[in-house]
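Written below as structure tokens is the structure these notes are about.
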Amino acid sequence: MYKEFKGLNLPEIDKEILQFWKSENIFEKSIDTKDASNPYVFYEGPPSANGMPGIHHVMARTVKDLFCRFHTMLGQRVERKGGWDTHGLPIELSVEKELSITKEDIGKSISVDEYNHKCRETVMRYKKEWDNITEQMGYWVDLDNPYITFENNYIESVWHLLQLLYNKGLLYKGYTIQPYSPAAGTGLSTHELNQPGCYREVTDTSVVAMFKVIKDERAQFLFDDEDEDVRIIAWTTTPWTLPSNTALTVGSKIEYVKIKTINPYTKQAFSAVLANELVNSWFGEKKAEILSKSDVFSGEKLKGISYEQLLPFAQPEDGDAFKVITGDFVTTQDGTGIVHTAPSFGADDMRVARANGIGSLTLVDKQGRFTAEAGEFARRYVKDYKDDPNYVNVDIDIAVKLKQENKAFNVQKFVHNYPHCWRTDKPVLYYPLDSWFIKTTAMKDRMVELNKTINWKPASTGQGRFTNWLENLQDWNLSRSRFWGIPLPVWRTKEADDELCIGSVEELKKKTEQANKALNLQQSVPTDLHRPYIDEVVLYSEKTGKPMYRELDLIDVWFDSGSMPYAQWHYPFENVEKFKANFPADFIAEGVDQTRGWFFTLHAIATMAFDSIAFKNVVSNGLVQDKFGRKMSKRLGNTVEPFETIAKYGADATRWYMISNAQPWDNLKFDIEGIDEVRRKFFGTMYNTYSFFALYANIDGFKYSEARVPVSKRPEIDRWIISKLNSLIVEVFDFYADYEPTNAARAIQDFVDSHLSNWYVRLCRRRFWKGEYTEDKITAYQTLYECMNTIAKLMAPVAPFFADWLYLNLNTVTESENYESVHLATFPEEESSAIDPTLEERMDYAQRISSLILSIRKKEKIRVRQPLLKALLPVLDDRFQKQVEAVQDLIMAEVNVKSFEFVTNTAGVISKTIKANFKTLGKRLGKDMKAAADMISQFDQETIRQIEQQKYYVLNIGDTSYTLEQEDFEIGFNDIPGWQVASDRDLTVALDITLNDDLIAEGTARDLINRIQNIRKTSDLNVTDRIIIKLESNDAVNVAIDKFADYICSETLADSLTTEKEVNGERLELFEDVIIGIEVLPVLSVK
RNA sequence: AGUCCUAUAGCUCAGUUGGUUAGAGCACUGCUCUGAUAAGGCAGGGGUCGGCAGUUCAAGUCUGCCUGGGACUACCA
């Protein structure tokens, strides 16, 4: 017996199927039964178990899961090793918050040892919740043997990679400008700078400083006479960087101009050089006066000009200085189009200075004070870092000095956004710091090239965003001065005259022993490769004979996760073959926010270390937002609790909703009501279809034990739904294979709702419950069964629980397939011979013609139970008529019309309409199109008939004449006089609505049947119970009974039908103003 | 600031290489069908296709600019 249910309960199905998967090890079997030589490689991007899983994780993991399941069904072996990201700042921060300490306390009030232990505990805090959501949402991933980034084996593999890069000369120590908090005494990561509230609006003193041009050959063109005082003017909002100025940067393509004017403070005449576009920002009414203006000249011409140092406190020792250089970052958005360049305090400045051989001055120390060299400003803080009540703004003093020395053209307050340290609330400086870098720039071209071979979904993320990012790549700053992470395996002598990069524990052991011998130490390799233990290891420099100490940096956690293809297998120390078989990945998927994160680090490491891509296909999914399109955040209180959602609506409805509602890469506006709609419309419909099937199949004992009826021998409608089904298989397969899950889900949904349930089943109901267990009935069961069985497989990747439930419900009875679960079954293959486009076309006609007739009935207020004599169909060609004739019976039954008449000779009966076919004519007629369309629409019936007969028409527009073919026109039907007509595109239907006594009686009979059936239903009779009927006598009823008693009885399973003056049963309205009594009594079965 | 995505009915989304009157589902209203139906059918209201230009005989669709929403990167005088 097929299981029958009281209602659809998706959460209950989840539980049941989950239990089944667990007890029968279905997940394991789905891998183990597949051939290892046919793998589909998937990489799991490791989540951090440091926070609770959110609904967006369900989204991301649904995408991952469904493609893995799909490829499993294609017979591929899809191993999915889980993983955990365990290092990094978020974990350190949460520990610090919990212990109420800051970074400064580490090593003081808490030992590094204790601190790292705490991190290790914290990092898996929500592992249980993660495991739960993984299981409940039906995400199949191997959680028993995950890779964990803090394990020694993982670290060792990462070290190996770093050594590989080191040996290729791609690892170097450099001096760069990084965000730095003088108040906290620490560098800040960009992640820290992106904490909410870090960028704040502040008012600073801005200065337009005047840099005096030295008159030499190069600068000659700027001078009109010997004594002219030519100054390049540059704007800054950080006057404290002016003493460290060593260059001025202009844009080579920007146009500049020289303005003769008067300094507003000193009233001295001088000539200002600035961008032509920005002249009006500084000169004009109520601003400085323009005495004269030179011709424009390009920035390129200014290049190489020297100027006098603005505040000559110190001289740079590491390069040239006080020259005009060019840089691509210069804009004319604000300022003067000339950038004051202090290489120590700006990343752009440093970059452009280096490229031009310009040296730097660093007249501010790490506490944020001017150094002793800075003249009268020495030892003063550049910002109020100490909350000193007597703090005097040094920017203002600098501005005053410049004004007095005729070096300031403009001083004013300026409001702008400036980053602040999230911990101390003090402004950040950009400061030169030592860091280790990976020279990704050296491999840039190769990365771009390899990226072209990756299939990105959506393509724009790969071609646009990612390529763009690669092309503007900077070297990868690997250093983090933190505690909980993978230590950089580089040892150096104090003088930096020798260094060593360690690539394995074995190598470290050897080097340690060597050092022990040479330096007379008793150290051993620590059992935990983290800080602080690893810091204690001292190595020996053979070259210099000196001890070497580890560089204290940790590496960026993104390197951790980007190393997972290798480190998850402890490559190359173990599993070398395993790694080779699993690299690169066929498929990865994460949020689009990982484009520059994990997607990049995977790609970069694979390119640099192995000259390979790391993944072939990548799906980057968008954000999950709330129903108003806002970002979900705890602060707004609009987060969706994934556990609750899944518990209430079931995993499948949640998954289906997420996949079908929006493309994965579009942002999803998550609306809980949408899940409910999916449950009702899709799962509800599918459930009802199954219930209907189960109800009658159980009665008839259908178990698919009869031989399969060949499709060609099945009735039209069966061949139609099977054709549709096979078309669907092709479509869904292509969509899944193309990583387009949304289209796949929508196609399945559309099939189930509009075709299977609301056309096939609805039209075929009688075949299931009417009559004996005939060949036709068996065929109907087989057809419906095959549809459902296939749908179960098609939907399995997205809705794994319901699919398995449905599959098992069907197959445990029929045993027609011997798979234990739908997830062990193979994906359906289409039977291409079953696909019949002309059949699909004519059924489409049937559906549309039915709609049109129902529409006329509605307009004329004639209920569908009232039979009508005939419908009239004007036909354009034979093919159309043949198509409709084939489905005529279906239409007649559906709309309760007794016959069809095709009208071919329409002259005089039907008027036609004509329109221009814009598609074919537009290109030919061009400008005359509009006139032609007007003329054609005016054609009379005679002209139309002429065109139909002659198959061409000569149209004259102005002096041109065009010969138009029949295809250049679109001919349709207009009204048919005296008939009720409805049209839909190329279809037109007319309906004869005259009634006679027979028709009326039959209509009455059908109404009676309906009322009786309703009574059967409400009085809870079984569908097989037989009844006797007593009707209250009534003229209309009597006529109907006279003619249709047998019909009524057979439809309602009645043994007898009698009329009486009065009956005990219900009183029902048969039609308007006619109320009769109907009594329905079950016939008790006699044993 | 740059790069990218996005904007179509109250809501969620379709809309082919530009082509005639821009569609579906949900929600709302009325009617209707039904011995599978928390369903279906028919009809109705609801759209300056974000705005402005341009290309074209023809623009929801192509181009440019602008605006709103989002993501990432950067923070720059």
Side-chain angles (χ1 to χ4, degrees), chain A residues 7-8 179 190 193 199 206 234-238 241 248-249 329-331 333-342 346-349 417-419 430 458 460-461 464-466 468-469 472 591-597 622-623 625 627 629-631 660-663 665-667 669 671 673-674 677 679-681 684-685 687-696 746 750 753-754 757-759 761-762 765 768-769 850-851 854-859 861 863-865 915-923 925-933 937 970 1010 1013-1014 1016-1017 1021 1023 1051-1053:
Chain A
L8 175 61
T190 53
L193 271 194
Y199 280 85
S206 75
W235 180 64
T236 182
T237 54
T238 52
T241 61
L248 292 169
T249 309
F329 60 90
V330 182
T331 67
Q333 296 276 326
D334 46 23
T336 62
I338 294 153
V339 177
H340 139 62
T341 304
D348 279 338
D349 302 37
N417 277 316
Y418 197 82
Y430 288 83
S460 63
T461 299
R465 187 190 284 200
F466 195 62
N468 216 289
W469 153 258
N472 296 307
V592 69
D593 52 336
Q594 294 296 339
T595 308
R596 275 106 175 207
L623 239 72
Q625 303 168 327
K627 62 194 277 190
R630 295 176 308 188
K631 196 173 175 168
S660 66
N661 191 61
Q663 304 279 4
W665 35 88
D666 288 335
N667 292 339
K669 284 182 194 158
D671 186 356
E673 284 174 36
E677 190 182 319
R679 187 182 62 76
R680 282 203 326 266
K681 264 197 86 70
T685 305
Y687 163 82
N688 284 324
T689 305
Y690 168 77
S691 302
F692 170 81
F693 168 84
L695 177 65
Y696 292 106
R746 285 176 181 171
D750 183 55
D753 188 49
S754 345
S757 170
N758 282 309
W759 194 251
V761 174
R762 197 157 59 86
R765 273 173 306 203
F768 292 93
W769 54 261
S850 300
S851 287
L854 291 173
S855 150
I856 298 171
R857 277 181 172 278
K858 159 72 193 162
K859 214 186 294 166
K861 295 193 195 303
R863 63 197 194 287
V864 180
R865 275 188 291 263
K915 261 190 290 191
N917 182 348
F918 281 71
K919 222 168 188 169
T920 59
L921 282 177
K923 278 181 190 122
L925 301 193
K927 279 191 200 307
D928 291 333
M929 184 66 218
K930 209 168 181 163
S937 66
E970 287 176 1
N1010 168 257
Q1013 301 287 36
N1014 286 343
R1016 284 186 63 113
K1017 202 173 175 183
L1021 292 180
V1023 290
E1051 288 297 305
T1052 57
L1053 301 187

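Chain naming here is simple, since letters A, B, ... match the order of the sequence lines and numbering starts at 1 in each. Both backbone and side-chain heavy atoms feed into the values below; hydrogens, waters and symmetry mates do not.
Atom P of B/A7 sits at a distance of 10 Å from the matching atom of B/C13, rounded to the whole Å. Annotation: B/G23 and B/G19 have their P atoms spaced 14 Å apart (nearest Å). Taking atom P in both B/U16 and B/C11, the straight-line distance is 22 Å, to the nearest Å. The C1' atoms of B/U8 and B/A59 are separated by 14 Å, rounded to the nearest whole Å. Taking atom P in both B/G15 and B/U61, one finds a spacing of 15 Å when rounded to whole Å.
Whole-Å rounding puts the A/Leu921 CG to B/U56 C1' distance at 17 Å. The nearest whole Å value for the distance from the CG atom in A/Asn917 to the P atom in B/G19 is 12 Å. Taking atom CG of residue A/Asn758 and atom P of nucleotide B/C42, one finds them 11 Å apart after rounding to whole Å. Atom CE in A/Met929 sits roughly 17 Å away from atom P in B/G18 (whole-Å rounding). A straight line from CG of A/Asp750 to P of B/C13 spans 18 Å, rounded to a whole angstrom. One atom, CG of A/Asp671, and another, C1' of B/G10, lie 13 Å apart when rounded to the nearest Å. If you take CD of A/Glu673 and C1' of B/C13, they are 16 Å apart, rounded to a whole angstrom. Rounded to whole Å, the distance from CZ on A/Arg762 to P on B/G41 is 8 Å.
A distance-only check finds a donor-acceptor pair linking the side chain of A/Thr689 to the backbone of A/Thr685 [under 3.5 Å]. Using modelled atom types, one side-chain atom of A/Asn688 and one backbone atom of A/Gly684 make a donor-acceptor pair closer than 3.5 Å. At distances below 3.5 Å, at least one donor-acceptor pair connects side-chain atoms of A/Arg746 with backbone N or O atoms of A/Asn661.
Out of B/A36, B/C75, B/C26, the shortest distance to the side chain of A/Tyr430 is found at B/C75. Taking every side-chain heavy atom of A/Glu677 into account, B/G25 is the closest of B/U37, B/G25, B/G19. Taking only side-chain atoms of A/Gln663, from C-beta outward, the nucleotide of B/A36, B/A39, B/A14 with the closest atom is B/A14. Among the nucleotides B/U12, B/U6, B/A36, the one closest to the side chain of A/Asp666 is B/U6. Relative to the side chain of A/Lys681, the nucleotides B/G40, B/A14, B/U37 differ in distance, and B/G40 lies closest. When distances run from any side-chain atom of A/Asn688 to the nucleotides B/A38, B/C76, B/C5, the shortest one goes to B/A38.
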- Query: How would RNA chain B look in dot-bracket form, 5' to 3', counting Watson-Crick and G-U wobble pairs with both distances under 3.5 Å and writing | for bases paired to another strand?
  - Reply: (((((((..((((.....[...)))).(((((.......))))).....(((((..]....))))))))))))....
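At the phosphate of B/C33, neither OP1 nor OP2 sits under 4.0 Å from any side-chain N or O atom of A/Arg765.
If you check every strand for non-hydrogen atoms under 4.0 Å, A/Tyr696 touches sugar and phosphate atoms only.
Nearer to the 5' terminus of RNA chain B, by closest-nucleotide assignment, is the contact made by A/Trp665 (compared with the other of A/Trp665 and A/Ile338). The residue among A/Ala662 and A/Arg679 whose nearest nucleotide of RNA chain B is located toward the 5' end is A/Ala662.
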